[in-house]
Protein chains: 2
Amino acid sequence: MAKESSAPVHRKTTLSDIAAGCGVSRATVSLVLRGSPLVNQRTRAKVEEELRRQGYVYNRAAANLRRRTSSSIALVVNELANPFFAEFAAGVDEALGEAGFVTLLGSTGESAQRQQAVLGSLVEHGPGGIILSPAEGSEVREVLSAVGSHTPVVLFNRELGGRLPASSHWDRLMLDNERGTRMATEHLIAHGHRRIAFFGGHDDASSSRDRYAGYAKAMQAAGLPIAPHWRVESKPTRTDAVAAAHALFQGEPKPTAAVCYNDAVALGLMLALHQRGLQPGRDFALTGFDDIAEAALSMPPLTTLSTAPRARGRQAAELLLSRLQDPQASARAIVAPVELVVRESSRTLS
Amino acid sequence: MAKESSAPVHRKTTLSDIAAGCGVSRATVSLVLRGSPLVNQRTRAKVEEELRRQGYVYNRAAANLRRRTSSSIALVVNELANPFFAEFAAGVDEALGEAGFVTLLGSTGESAQRQQAVLGSLVEHGPGGIILSPAEGSEVREVLSAVGSHTPVVLFNRELGGRLPASSHWDRLMLDNERGTRMATEHLIAHGHRRIAFFGGHDDASSSRDRYAGYAKAMQAAGLPIAPHWRVESKPTRTDAVAAAHALFQGEPKPTAAVCYNDAVALGLMLALHQRGLQPGRDFALTGFDDIAEAALSMPPLTTLSTAPRARGRQAAELLLSRLQDPQASARAIVAPVELVVRESSRTLS
DNA sequence: GGTTACATTTGGATCGTTCCAATCAGCGGA
DNA sequence: TCCGCTGATTGGAACGATCCAAATGTAACC
């Protein structure tokens, strides 16, 4: 059992109070609440009046206990303050809300350890399912031990390390990372770039590996070599990217363009370029990934790959909801397409 | 009762299973789970082994039902995708998680009607309290009828319309809106501006009225008149602001600077200025409010008021948690200070 | 009037936990 | 031997809802 904590709750009015208040049984009130056609019009009206009068609020926890059901879904993301995940979460919550579910929020801060704690705490609340965007470096084994094999899971955005047992069918919703960076790289090549770096992200995350792979394939297909120092890793945050960026220019030959892991590190790279006296979009071309709102507003506006995170959120929710409908259906794996959005940051050399 | 929806849940192992599995009573297992000093070391070890073996997960809902407590807090914000609220939510969730509570998420999309529905659905899950950033134009009466008078509420960011009954003490956490826009206005005046507009926001929101008041007071203190067409309202979003901005320039005399309701509308105004051939920061000065991440990256970087939304989130959570400790304490109202962050967008005329 | 059919209502057990009073084992002292 | 005491354990009733089989009332039919 995880850390325990609770708040006292004032005495609320219950089914029995209503029943007593208008001279029927608890069972009847329950039927009224659930809109059963069995109850007589007259008693229904009487009960509803009493419900209003006493200000009754339904206790879903008690109902769920008895019915052995759940009306909540846990959503675990890396970092809510990241606009990509914020949009995603907004989409999830929207779709879940429409379906009558409530969202339990958890945030891991990219730590596999914290993810364990958060999952542990969330499952105790008995969610009907979990939407998980895994922290970097987390393993199937860990997650499985935290959530058990009976709660449905939808994985978003990243794969987990390790192999999933055949018994538990988890659905996945991934972005077409490889295709995205391939398009971005081809775009840069088409604009005349030959020395193109891949910047940011950490290779123990599957999304980072995939994005690198797309870049590498495009380079290979064009017959272009990749210098080792053109691959610079960083945390997927702007601040970390600024610090890491200078490594790009330590060796020869220097790159003239970079495909970045995501928009955050691309924006960080832009800052670092300014610090070095290079003007992004003129002296150096770069592309991002995610198309967060800031991408259109940066200086210069950032060429990037649009992932429509809000739509992805809705999609993840729908994936989970349909899994709840049919727990035995075979696992689905959706790869959502991404779209290249060309802006000023990649308009050099052409 | 709100819209009903639920997912079937697989048979989980319970206290009784554990008890049967190692030949003790349910009560003893329960004591072990809660770390009671009453149980003997030997039986404790035996029980803990069995818990591990069967992969037991604690059912907090059942426990909360019996103990008449709650271990969740509902967080209702206007729009998660707004970075200000995303940061705020991250702060809330962080602090609640540390205290062993879980966050129930709800989002209103600035609609008082939807807020009612969301609150209705959330209270059925029996949160220990609610952190609410009210939708524009929502009333005490509505909220009270949705949440009842026994669930503690922390209001953030905006006041509700109407008067709160003395019986229910709701805490508040507001930003020092008036002081913020006063500082921004004084800053613009100090840089030589005389014709300063107030742009964006809607006056049925208390935060908007307060920010306008700060602006008006600074103008008045400096003996500067305010032309009626210098007050242009808009929804607090970038897109709506772009459309509304042109009204600023319909009458004479035209303003040379604007204090904006928040960063989103300021960024929208920047776009509109560009469309009119004016360069913000050179031909026209403006300030925002919130200091969202984009503010530092816009072109030019935006002078704004920093509200530290993540810290505010933690603060709101702490306010609620201490209320749970002492439900009878008198209501607290905190006005968080804001800080003027001067960047390029306000550097004209000086 | 008695039987059947139908529409409505209901008592009591139940979900998984906690609380409480009661029980039990073991031991030392009178 | 009996008593009281301490430490450990336990059965059964609750929490607030739902489920189910059974009971009730009414009308219809022969």
Side-chain angles (χ1 to χ4, degrees), chain A residues 1-2 4-47 51 54 56-71 123-126 148 150, chain B residues 1-2 4-47 51 54-71 123-126 150:
Chain A
M1 172 165 120
E4 146 174 41
S5 184
S6 58
V9 151
H10 201 281
R11 161 90 176 135
K12 289 177 181 158
T13 86
T14 80
L15 267 194
S16 310
D17 299 329
I18 305 298
C22 57
V24 297
S25 74
R26 286 184 343 268
T28 304
V29 180
S30 176
L31 290 174
V32 170
L33 281 174
R34 285 174 292 157
S36 161
L38 291 179
V39 297
N40 182 296
Q41 281 305 328
R42 299 246 303 278
T43 45
R44 155 155 320 186
K46 192 171 59 177
V47 170
L51 287 168
Q54 296 204 28
Y56 171 79
V57 328
Y58 187 65
N59 184 335
R60 201 161 285 252
N64 282 335
L65 175 59
R66 176 66 239 260
R67 303 179 47 199
R68 316 173 112 237
T69 60
S70 168
S71 55
V123 287
E124 293 186 351
H125 289 85
H150 294 319
Chain B
M1 172 163 122
E4 147 174 39
S5 183
S6 59
V9 152
H10 202 281
R11 161 88 174 135
K12 288 178 182 160
T13 86
T14 77
L15 267 193
S16 309
D17 298 328
I18 304 298
C22 58
V24 297
S25 73
R26 287 184 340 267
T28 305
V29 180
S30 175
L31 291 174
V32 170
L33 281 174
R34 286 174 290 157
S36 160
L38 289 179
V39 296
N40 182 296
Q41 280 304 329
R42 299 247 303 278
T43 46
R44 154 155 320 183
K46 192 171 58 175
V47 169
L51 288 169
Q54 296 205 30
Y56 170 80
V57 329
Y58 186 66
N59 185 334
R60 203 164 283 257
N64 281 335
L65 174 59
R66 175 66 240 256
R67 304 179 48 200
R68 317 173 113 239
T69 59
S70 169
S71 55
V123 288
E124 293 187 351
H125 289 85
H150 293 318

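Per chain, numbering begins at 1; letters A, B, ... match sequence-line order.
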Looking only at heavy atoms, which two atoms of R60(B) and S71(B) are closest? And how far apart?
CD-OG, 3.2 Å
For S70(B) and G126(B), work out which heavy atoms get closest and say how close.
OG-O, 2.8 Å
Taking only side-chain N and O atoms of T14(A), does any of them lie within less than 4.0 angstrom of OP1 or OP2 on dG16(D)?
no
For the pair made of CG in L38(A) and C1' in dA23(D), what is the distance, rounded to whole Å?
15 Å
Mapping P37(B) and A62(B) to their closest nucleotides on DNA chain D, which lands nearer the 5' end?
P37(B)
With respect to the side chain of V24(A), which nucleotide from dT17(C), dT18(D), dT10(C) is positioned closest?
dT10(C)
Given dG16(D), dG11(C), dT10(D), identify the nucleotide with an atom nearest to the side chain of T28(B).
dT10(D)
E124(A) CD to dT17(C) C1', in whole Å, measures 13 Å
Which nucleotide, dA17(D), dT9(C), dT17(C), lies nearest any side-chain atom of S16(B)?
dT17(C)
Using a 4.0 Å heavy-atom cut-off across all strands, classify T43(B) as base, sugar-phosphate, or nothing.
sugar-phosphate
Can you check the N64(A) CG to dG16(C) C1' distance for me, whole Å?
13 Å
Rounded interatomic separation in angstrom, taking CZ from R42(A) and P from dT8(C):
12 Å
Would you mind reading off the distance between L65(A) atom CG and dG16(D) atom P, rounded to a whole angstrom?
12 Å
Keeping the roles fixed (side chain from R44(B), backbone from S36(B)), state whether a donor-acceptor pair exists under 3.5 Å.
yes
Smallest heavy-atom separation, S16(B) atom then R26(B) atom, equals OG-CD, 3.0 Å
Output one line per pair: protein atom, nucleotide atom from nucleotides 22-24 of chain C, and distance, for all N/O pairs under 3.5 Å.
none

Round to a whole Å and report the spacing from CZ of R60(B) to P of dT17(C).
11 Å
Sidechain-backbone polar pair: R66(A) side chain, A62(A) backbone, donor-acceptor under 3.5 Å:
no
Minimum heavy-atom separation for Q54(B) and D17(B), please, with both atom names.
NE2-O, 3.3 Å
R68(A) side chain, from C-beta outward: closest of dC15(C), dT9(D), dT17(C):
dC15(C)
One should read off an interatomic distance between N40(A) CG and L31(A) CG, to the nearest 0.5 angstrom, of 12.5 Å
Every protein N/O within reach of nucleotides 19-21 of chain C N/O, cut-off under 3.5 Å:
unit_1	atom_1	unit_2	atom_2	d
dC19(C)	OP2	R34(B)	NH1	2.5

Between Y58(A) and L33(A), which heavy-atom pair has the shortest distance, and what is it?
CD1-CD1, 4.1 Å
dT10(C) base to R26(A) side chain: any donor-acceptor pair below 3.5 Å?
no
Distance, rounded to the nearest Å, where L15(A) contributes CG and dT10(C) contributes P:
13 Å
Atom CG in N64(A), atom NE2 in H125(A): separation rounded to 0.5 Å?
13.0 Å
Rounded to whole Å, CG of L31(A) lies from C1' of dA21(D) at a distance of 14 Å
Minimal heavy-atom distance between S25(A) and A19(A), with the atoms involved, is C-CB, 3.7 Å
Relative to the 5' end of DNA chain D, which residue comes earlier, A63(A) or G23(B), by the nucleotide with the nearest heavy atom?
G23(B)
